[in-house]
Amino acid sequence: MPHHDPYSLAKIRIKNLRLRTYIGIKEDEIQNRQDIVVNAVIRYAANRAVQFNRIEEALNYRTITKRLIAHVEEGRFALLERLTKELLEIIMEYDQVLAAEVEVDKPHALRFSDSVSVTLNAKREQEDA
């Protein structure tokens with residue numbers, strides 16, 4: 001992996017992306033959309049974006065977010081784990097991404113609880129120099 005200027009390692013946070021989808025295994029969950037909340041942290045080498053100050057050199061978080069929204073809203077998921085994995089895979093498809101973490105919350109999934117969430121991480125394999 002090429003050397004990255006430590007001041008150019010960017011951390012993009014997508015915070016509290018509120019969406020609705022079919023998630024769960026009970027009959028009412030299969031029939032009715034529910035709220036979920038997506039949080040993602042994406043790390044990428046932003047040295048070219050910092051140097052040239054051009055969107056073409058940056059990781060376009062708007063494009064990634066639109067893909068995440070479409071995937072959630074168009075899909076049906078039995079498990080939070082599966083949904084979380086699929087969202088993480090979408091983010092990792094971008095070559096610029098060095099590492100990512102996705103957390104998906106299902107509000108009110110448990111009585112007396114604000115939410116239940118699943119978090120998964122991925123990291124790009126380092127190439128030998």
**Study point:** Residue pair Ser115 / Asp105: nearest heavy atoms and the distance that separates them
**Key:** OG-OD2, 2.7 Å
**Study point:** Any donor-acceptor N/O pair, Thr21 side chain to Val72 backbone, under 3.5 Å
**Key:** yes
Check your understanding: With the threshold set at 4.0 Å, does a side-chain nitrogen-carboxylate oxygen contact exist between Lys85 and Glu81?
Key -> no
Exercise for review: Following the transitive rule for hydrophobic clusters with a side-chain heavy-atom cut-off under 4.5 Å over Ile, Leu, Val, Met, Phe, Trp and Tyr, establish whether Ile91 and Ile12 coincide in one cluster.
Suggested key: yes
Check your understanding: Does Gln96 reach the main-chain N or O of Tyr44 with its side chain, forming a donor-acceptor pair under 3.5 Å?
Key -> no
Check your understanding: Is Val37 reachable from Leu110 through a run of I, L, V, M, F, W or Y residues, each pair having side-chain heavy atoms under 4.5 Å apart?
Key -> no
Check your understanding: Would Leu79 end up clustered with Ile30 when hydrophobic side chains under 4.5 Å apart are linked, directly or stepwise?
Key -> no
Check your understanding: Quick check: are there more than 12 heavy atoms from other residues, nucleotides or ligands sitting under 6.0 Å from CZ of Arg20?
Key -> yes
Check your understanding: Would a 4.5 Å heavy-atom cut-off, applied to side chains only, mark Glu73 and Leu19 as touching?
Key -> yes
Exercise for review: Answer yes or no: is there a side-chain heavy-atom contact under 4.5 Å between Val102 and Val104?
Suggested key: yes
**Study point:** More than 12 heavy atoms of other groups within 6.0 Å of Arg82 CZ
**Key:** no
Revision key, fill the gap. When rounded to the nearest 0.5 Å, the distance separating CG of Leu68 from CD1 of Ile90 is 5.5 Å
Practice item. Enter the distance from Arg13:CZ to Glu101:CD here, rounded to the nearest 0.5 Å. Key: 8.5 Å
Check your understanding: More than 12 heavy atoms of other residues, nucleotides or ligands under 6.0 Å from CG of Asn16: is that the case?
Key -> yes
Practice item. Work out which heavy atom in Val97 is nearest to a heavy atom in Ala100; give both atom names and the distance. Key: CG1-CB, 4.3 Å
Check your understanding: With side chains defined as the heavy atoms from C-beta onward, is the minimum distance between Leu83 and Val38 less than 4.5 Å?
Key -> no
Review point. Where do Pro107 and Ile36 come nearest, in terms of heavy atoms and distance?
Key: CD-CA, 4.0 Å
Check your understanding: Considering all heavy atoms of both residues, which atom of Lys106 and which atom of Leu80 are nearest to each other, and what is their separation?
Key -> CB-CD1, 4.0 Å
Check your understanding: Just wondering, are more than 12 heavy atoms of other shown residues or ligands nearer than 6.0 Å to OH in Tyr94?
Key -> yes
Check your understanding: Would you call Arg124 and Met92 a side-chain contact if the rule is heavy atoms closer than 4.5 Å?
Key -> yes
Revision key, fill the gap. Between Tyr22 and Gln31, the two heavy atoms sitting closest are CE2-O, 3.6 Å
Practice item. Report whether Leu59 and Leu98 are members of the same hydrophobic cluster (ILVMFWY, side-chain heavy atoms less than 4.5 Å apart, transitive linking). Key: no
Point to revise | Connected via hydrophobic side-chain network under 4.5 Å: Leu9 and Val41 | key: no
**Study point:** Contact check, side chains of Arg18 and Asp35, non-hydrogen atoms, under 4.5 Å
**Key:** no
Practice item. Might you point out which heavy atoms bring His71 and Leu87 nearest each other, and give the distance in Å? Key: CD2-CD2, 4.0 Å
